[in-house]
There are 2 protein chains.
Amino acid sequence: MENYRFDNLDKSILKSLMSNARTPYAELAKQCGVSAGTIHVRIEKMRQAGVITGTQVRVDAKRLGYDVCCFIGINLNNARDYPHTLELLRELEEVVEAYYTTGNYSIFIKVMARSIEHLQDVLINKVQAIEAIQSTETLISLQNPINRSVTP
Amino acid sequence: MENYRFDNLDKSILKSLMSNARTPYAELAKQCGVSAGTIHVRIEKMRQAGVITGTQVRVDAKRLGYDVCCFIGINLNNARDYPHTLELLRELEEVVEAYYTTGNYSIFIKVMARSIEHLQDVLINKVQAIEAIQSTETLISLQNPINRSVTP
DNA sequence: TATGAAAGACCGCTCCC
DNA sequence: GGGAGCGGTCTTTCATA
């Protein structure tokens with residue numbers, strides 16, 4: 001994975017687009033003191049370099065009805081069960097993130113649920129129902145005061 | 001926080017926009033079998049209801065040079081130190097997420113670093129340098145095989 | 001090779017049905 | 001909710017340094 005070589009122009013463009021993917025090119029051009037054509041060229045270059053992988057709307061999970069956010073540390077009976085367990089977790093739509101980690105757990109997942117009851121259901125009937133999983137440890141998030149992206 | 005009342009049209013629109021925030025209204029209209037004007041009305045309604053909070057480009061952190069991702073569980077000397085500690089953590093650009101949690105830790109953060117050395121620096125000289133922090137536990141992520149959003 | 005200016009195609013917004 | 005027209009935005013091309 002080689003890194004893309006950035007100059008300050010690329011960084012400025014990225015910063016703006018990371019807070020608003022629909023910033024007009026003309027405005028980016030004004031902010032950066034270059035022409036809109038140049039903006040277009042740079043964005044296209046970053047897209048092809050795989051730095052920009054797409055655009056998405058930010059959605060308020062709470063307003064979508066997902067009030068409960070939690071992390072679950074998972075220990076496997078056997079490290080070899082990792083790939084298969086991952087596939088089973090992928091099928092659970094409540095599992096929004098998964099990490100393969102060193103430390104106390106083998107797999108670490110983030111789960112979004114509609115309520116505590118829903119979380120219980122996911123945890124007991126879906127996650128812990130996976131045979132390869134030996135034990136789990138749950139961390140309920142009450143607040144998410146910081147949520148941002150890496151700085152270009 | 002009341003939930004927005006969704007019908008299937010809203011859900012379809014959201015799903016498309018969550019994978020590509022710049023999907024043309026005309027294409028959304030074709031996919032959903034309604035007119036572009038209707039798409040516009042629905043998106044505007046979701047925006048004003050706070051369901052859609054903005055748009056952003058997805059960026060490949062690795063290509064930006066951030067190769068190391070880790071979670072750090074933090075224990076505070078005193079629960080009252082929480083607000084102040086949070087402000088100090090917010091000033092660290094490597095801290096991309098923070099959660100106030102129940103369970104083993106008081107605060108749980110996600111850190112992105114450019115290298116193991118960089119991570120060490122952040123952990124020792126920045127995070128653990130905060131007086132209110134009693135102890136930390138680090139979980140290094142080797143892979144992030146699942147990373148998606150909640151389903152509308 | 002990277003940038004800037006201008007023209008054409010496309011899209012989103014608004015109004016009226 | 002549907003359809004048409006206007007205004008703005010993106011993309012492309014070509015000239016330039």
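Lettering follows sequence order; numbering is per chain, from 1.
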Original post:
Under the ring-ring contact (aromatic ring centres under 6.0 Å, His included) test, which residues partner Phe108(A), sequence neighbours left out?
Top reply: Phe71(A), Tyr105(A), Phe71(B), Phe108(B)
Original post:
Which residues pass the side chain to side chain donor-acceptor pair (under 3.5 Å) test with Asn77(A), sequence neighbours left out?
Top reply: none
Original post:
Within a strict 4.5 Å, meaning less than it, do heavy atoms of the Leu9(B) and Arg42(B) side chains meet?
Top reply: yes
Original post:
How would you give the extent of chain B contacts on DNA chain D, as first and last nucleotide 5' to 3' within a 4.0 Å heavy-atom cut-off?
Top reply: dG1(D) to dC10(D)
Original post:
Under 4.0 Å between a side-chain N or O of Arg42(A) and OP1 or OP2 of dT3(C)?
Top reply: yes
Subject >> side chain to side chain donor-acceptor pair (under 3.5 Å) partners for Ser12(B), two or more places apart >> reply: none
**OP:** Could you list the residues that satisfy side chain to side chain donor-acceptor pair (under 3.5 Å) with Thr102(A), not counting sequence neighbours?
**Re:** none
Original post:
What pairs of residues pass the salt bridge (charged side-chain N to carboxylate O under 4.0 Å, His left out) test when at least one of them lies in residues 126-152 of chain A, not counting sequence neighbours?
Top reply: Glu94(A)-Lys126(A)
**OP:** Quickly work out the Lys30(B) NZ to dC11(C) P distance and round it to whole Å.
**Re:** 10 Å
Subject >> Summary of salt bridge (charged side-chain N to carboxylate O under 4.0 Å, His left out) pairs that have at least one residue in residues 102-116 of chain B, sequence neighbours excluded >> reply: Glu97(B)-Lys110(B)
**OP:** Quick one: label Val34(A) by what it contacts on the DNA or RNA (base, sugar-phosphate, nothing), any heavy atom closer than 4.0 Å.
**Re:** sugar-phosphate
**OP:** Please name all residues satisfying side chain to side chain donor-acceptor pair (under 3.5 Å) with Thr38(A), sequence neighbours left out, ordered by chain then number.
**Re:** Ser35(A)
Subject >> Contact pattern, 5' to 3', of nucleotides 12-17 of chain C - B, S or - by protein heavy atom under 4.0 Å >> reply: SSB---
Original post:
Does the side chain of Thr38(A) get closer than 4.0 angstrom to OP1 or OP2 of dG4(C) through an N or O atom?
Top reply: yes
